[in-house]
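The structure appears below as structure tokens.
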Amino acid sequence: MATSHLLAAASSTAASSATFRPPLLSLRSPPPSSLRLNRRRHFQVVRAAETDKETKANAPEKAPAGGSSFNQLLGIKGAKQENDIWKIRLQLTKPVTWPPLVWGVLCGAAASGNFHWTVEDVAKSIVCMIMSGPCLTGYTQTINDWYDRDIDAINEPYRPIPSGAISENEVITQIWALLLAGLGLGALLDVWAGHDFPIIFYLAVGGSLLSYIYSAPPLKLKQNGWIGNFALGASYIGLPWWAGQALFGTLTPDIVVLTSLYSIAGLGIAIVNDFKSVEGDRALGLQSLPVAFGMETAKWICVGAIDITQLSVAGYLFSSGKPYYALALLGLTIPQVVFQASAQPFFVLGLLVTALATSH
């Protein structure tokens, strides 16, 4: 839930706000004259600013040859150029970013201690995962690509929005459709769970707002590497966990503390997404951590945020009288430190260990 909220990120100038506005504001306004426009398929494609000509000159104009259809459907680099509008729509939602949100819902359900393997509970969790992943993470990724179209025009001009493969109206329609679907499912889950207070709906609203201010001016949290990546970590770990736990139980102070700690680890994971956008971020003045500190230092910040978080949570579990869970988490942290490049599997298993610890 980013927003997706809510169980997924991630990674621009004030000109980006010229076309899409939040509710109650106009969705359209004329584009600034300082932008170079390509009206292929009646879509205003934002290219690099004139001051970025040198950077733009070094960027590829077409997708790498031999692109993969599988990568295209997942929304990752190395994607094949596609003309099918529905495949393009799926690409914008970046399905590769959905699993962390789905896992977050699973951890929240486990932490509640009230999940049972009944048809109803499984159906509830699946709907919550759809809300968190395809709907609200899809919304987050689409709106992020919309506001990053000028950066993508430098880094990846062959992506769907800067290349004009999808029109302005089609992008905006997708943003609203995914947002409303996610909020609608949140409201449905509250009714299904019998909540007097619609907590899941408000978590969906909060996650969606966080996603918006992460990507859109004037706040555009992603301009600050620390704040932006922490917000992304909270969206990908904290919010889906809270939704899953609220669906089957109640949120407790210790869960809020633990998930906030894990959001710091999410900051480290979010930095990984910044490495691919260094050129565009630098050209447009975005202070991502790789830009602000350099690639090498950013790598160590990434590793430190993940490892220190796991060690801190292990210490918390030990002090809470749960030594076996603490030792299990410590056992996962050791290979996480040793195999830094492949740390994420150990990290996500650590999330589940923590969830199970809090359920007992």
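Numbers for residues simply follow the sequence, beginning at 1.
- Of the possible polar contacts, one joining the Trp103 side chain to the Val348 backbone as a donor-acceptor pair under 3.5 Å is found.
- The CD1 atom of Ile130 sits 12.0 Å away from the CG atom of Leu136 when rounded to the nearest 0.5 Å.
- Aromatic ring orientation, Phe197 versus Tyr202: parallel (interplanar angle below 30°, classes split at 30° and 60°).
- Between Phe293 and Trp226, the ring planes are perpendicular. Angles over 60° get that label, and only those under 30° would be called parallel.
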Next item on the list: Step by step, work out the side chain to side chain contact (heavy atoms under 4.5 Å, CB included) result for Thr333 and Phe346.
Entry: CA-CA 7 Å; Thr333 305; Phe346 303 104; over 6 Å; no
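- Here the straight-line distance linking atom CD1 of Ile143 with atom CD1 of Ile172 works out to 10.0 Å at 0.5 Å rounding.
- Separating the CD1 atom in Ile199 from the CD atom in Gln245 is a distance of 9.5 Å, to the nearest 0.5 Å.
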Note to self: Please determine whether side chain to side chain contact (heavy atoms under 4.5 Å, CB included) holds for the pair Leu183 and Phe201, giving the CA-CA distance in whole Å, both sets of side-chain angles, and the decisive distance to 0.1 Å.
What the structure shows: CA-CA 6 Å; Leu183 296 180; Phe201 173 77; 4.0 Å; yes
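- The shortest side-chain heavy-atom distance between Phe347 and Ile237 falls under the 4.5 Å cut-off.
- Ile213 and Leu178 fall within a single hydrophobic cluster, where Ile, Leu, Val, Met, Phe, Trp and Tyr are joined by side-chain heavy atoms under 4.5 Å apart, directly or via other members.
- Side-chain contact between Leu92 and Ile161: present, with at least one pair of heavy atoms (C-beta onward) separated by less than 4.5 Å.
- Gly350 and Leu332 get closest at one heavy-atom pair: N-CD1, 3.6 Å.
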Checklist line | Full working for side-chain hydrogen bond (donor to acceptor under 3.5 Å, both in side chains) between Asp254 and Thr252 | finding: CA-CA 6 Å; Asp254 61 327; Thr252 56; 2.4 Å; yes
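- Asp121 contributes a side-chain N or O that, together with a main-chain N or O of His116, makes up a donor-acceptor pair within less than 3.5 Å.
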Next item on the list: With side chain to side chain contact (heavy atoms under 4.5 Å, CB included) as the test, would you mind laying out the steps for Phe248 and Ser125 before giving the verdict?
Entry: CA-CA 9 Å; Phe248 296 102; Ser125 62; 4.2 Å; yes
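- The CG atom of Asp190 lies 10.5 Å from the CG atom of Asp196; values are rounded to the nearest 0.5 Å.
- The shortest heavy-atom contact between Ser163 and Pro160 is OG-O, 3.2 Å.
- When the options Asp145, Thr142, Ile88 are evaluated for a side chain to side chain contact (heavy atoms under 4.5 Å, CB included) with Val171, the one that passes is Thr142.
- Under a hydrophobic-cluster definition in which Ile, Leu, Val, Met, Phe, Trp and Tyr are linked whenever side-chain heavy atoms come within less than 4.5 Å, directly or via other members, Tyr324 and Phe318 are assigned to different clusters.
- Here the options are Leu189, Val105, Leu188, the test is side chain to side chain contact (heavy atoms under 4.5 Å, CB included), and the partner is Met131; only Leu189 passes.
- Summarising the local packing, CD1 of Ile308 is surrounded by 12 or fewer heavy atoms from other residues, nucleotides or ligands at distances under 6.0 Å.
- Rounding to the nearest 0.5 Å places CD1 of Ile154 at 11.5 Å from CZ of Arg282.
- Without hydrogens or angle criteria, Thr173 side chain to Glu170 main chain gives no donor-acceptor distance under 3.5 Å.
- Tyr316 OH: more than 12 foreign heavy atoms inside a 6.0 Å radius.
- Residues Leu330 and Val353 are members of separate hydrophobic clusters, defined by side-chain heavy-atom contacts under 4.5 angstrom among Ile, Leu, Val, Met, Phe, Trp and Tyr.
- Under a hydrophobic-cluster definition in which Ile, Leu, Val, Met, Phe, Trp and Tyr are linked whenever side-chain heavy atoms come within less than 4.5 Å, directly or via other members, Val119 and Met129 are assigned to different clusters.
- The minimum heavy-atom distance linking Cys128 with Ala243 is given by the pair SG-CB, 4.0 Å.
- Taking every heavy atom of both residues into account, Trp192 and Ala123 meet most closely at CH2-CB, 3.7 Å.
- Shortest non-hydrogen contact noted between Ala111 and Trp241 is CB-NE1, 3.8 Å.
- We find the CZ-CZ distance between Arg159 and Arg149 to be 14.0 Å, quoted to the nearest 0.5 Å.
- Side-chain contact between Thr93 and Trp98 is present, with heavy atoms from C-beta onward closer than 4.5 Å.
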Notebook entry, point to check: side chain to side chain contact (heavy atoms under 4.5 Å, CB included) between Val256 and Trp242: does it pass, once the steps are laid out?
Noted result: CA-CA 8 Å; Val256 173; Trp242 293 357; 4.2 Å; yes
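- In this structure, the side chains of Tyr147 and Lys220 come closer than 4.5 Å at one or more pairs of heavy atoms.
- Judged by distance alone, with hydrogens and angles left aside, the side-chain atoms of Ser320 form no donor-acceptor pair with the main-chain N or O of Lys322 at under 3.5 Å.
- For the pair Asn144 (side chain) and Ser215 (backbone), a donor-acceptor distance under 3.5 Å is absent.
- Nearest heavy-atom pair across Leu210 and Ser235 is CD2-OG, 3.2 Å.
- Residues Leu356 and Val257 do not share a hydrophobic cluster, clusters being chains of Ile/Leu/Val/Met/Phe/Trp/Tyr side chains in contact below 4.5 Å.
- No side-chain donor-acceptor contact under 3.5 Å links Tyr139 and Gln174.
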